[in-house]
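All remarks here apply to the structure that follows.
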Amino acid sequence: MKLVDYVYLKRRLIEELESKLSEESKRKAREDHHSKRPPRPCGMTVHTGIGCSLCCVYCYIYDMGFPRTVTPYPLTGLEMLYALALNPYFAPGRGGTMIAMGAVSEPFLPETKSRTLEYIKMFGIIKNPTQISTKMTINDEDIEEIRKNCHHISFLVTIIALRDYKKLEPLAPDPHERFDTCRRLINKNIHVSLFMRPIIPGFTDRDAEEILSIAKSVGVRTVVLGTLRVTKRIFMNLLKVGVDLSRRVKKLSDKEQYPIIGHDLKRNIARIAEKLGLRVYEAACGANIEAAGLGCVACNWGPCGYPDKIPNVDERDVAELCIELGFKVSKIDVKDNVITVEVESGPRLDILEKWLKELTRRRVIVRRA
Ligand code: SF4
Ligand code: SF4
């Protein structure tokens, strides 16, 4: 597929959805933030619910204003698809924008599960690389539905502690149940990565070897590691359960989340994982790309996935895409996995940058001529 074909695909998708949706549904989708905001580095985050009732002590969503109760996200599957199709940053299709669910709510709570399954089905139709993170137990019936509707999905199953997990995740299922979910997903050929994020000093590092060994024994082959980010509230919550981060934090605020100093912990856990023969990804999108059977070298953490599957592109492909997206460009350079574009006129430069990054899976520099 040429780069410009993604623009045509997007237009067809919008047209098709407009013929199916009522005026009220179209209005809801147009006004929703999924139709406007840019993707994050891990891809386009899609909310399956509002709030979360699991109350993990390290969770940042409560500092972002989300409640401790949960309601399913108000858009139906088709409305969500339409909102994404309208989003100027979003490219539909197998090689299009990565999608990530589970950033601000648990997608498999009883209240959110149906909505989540509805969204998964939609993303299976448009085939975008799709990822979901969870710590819930998923039953066989739901796993079968997911396999049928979106077999390329990337699951991230969070396990960051074994012995004292209840101190950190008082209301989440036992980690051994989560390992069992990993095993049953893998048995259905669904890509599963162990999600060791956030790494909690004194908990995750202490249990890391055991967590990684059990994950391997149930068939997991990849692990995504991530450093803890804290606000004042999270800092105090963790102190109450015996995690003193005073020597690991440089800055603390009420609302802003700051990463702790945790490179040493991450490095040590990565070493253990590699010794066990597991592939380590520094960012969740690496696992998403791998599950989708694609490759990416768009940042220093790459190459991720299958480097031989990075799409072939030349200056002409990029020029066609720029024109179709409404940009007038004076210079295009595709060299050594880096694409540089100089723009004379057109919409916001970050729109072009995101499209090029997602479709070419390379580093992209877009600047005014
Ligand atoms: S499950 Fe996720 S969203 Fe819910 S409280 Fe725990 S970390 Fe936060
Ligand atoms: S190279 Fe890997 S970590 Fe970087 S953007 Fe691509 S998939 Fe993500």
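Just so it is clear, the values below take in all heavy atoms, side chains as well, and ignore hydrogens, waters and symmetry mates. These numbers come from a predicted model, not from an experiment. Whatever order the structure lists them in is the order used to number ligands and atoms, beginning at 1.
Residue contact annotation: Cys56 places no N/O/S atom under 2.8 Å from atom 8 (Fe) of ligand 1.
A side-chain N or O of Asn300 and one of Arg363 form a donor-acceptor pair less than 3.5 Å apart.
Scanning all heavy atoms of the two residues, the minimum distance from Pro198 to Thr204 falls at O-OG1, 3.8 Å. Nearest approach of Met98 to Cys42, heavy atoms of both residues: CB-O, 4.0 Å.
Because its NZ or CZ atom is both nearer than 6.0 Å to the ring centre of Tyr62 and within 45° of the ring axis, Arg68 counts as a cation-pi partner of that residue. In this structure, Arg229 forms a cation-pi arrangement with Tyr60, its terminal cationic atom sitting closer than 6.0 Å to the ring centre and no more than 45° off the ring axis.
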* **Step-by-step ring pair (Phe, Tyr, Trp, His ring centres under 6.0 Å) determination, His34 to Phe90** => CA-CA 10 Å; His34 288 88; Phe90 184 79; over 10 Å; no
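Each of Ala283, Cys285, Gly286, Ile289, Cys296, Ala298, Cys299, Trp301, Gly302, Cys304 has a non-hydrogen atom positioned under 4.0 Å from some atom of ligand 2.
For ligand 1, the atoms lying closer than 4.0 Å to a non-hydrogen atom of Cys55 are 5 (S). Using a 4.0 Å cut-off to heavy atoms of Cys52, the atoms of ligand 1 that qualify are 1 (S), 3 (S), 4 (Fe), 5 (S).
Contacts between Lys135 and ligand 1, counted as non-hydrogen atom pairs separated by less than 4.0 Å, involve the side chain only.
Leu162 and Tyr165 sit in two unconnected hydrophobic clusters of ILVMFWY residues. Membership requires side-chain heavy atoms under 4.5 Å apart, directly or through other members.
At least one heavy atom of Tyr62 sits closer than 4.0 Å to an atom of ligand 1.
Applying the 6.0 Å contact sphere to CD of Glu15 captures no more than 12 heavy atoms from other residues, nucleotides or ligands.
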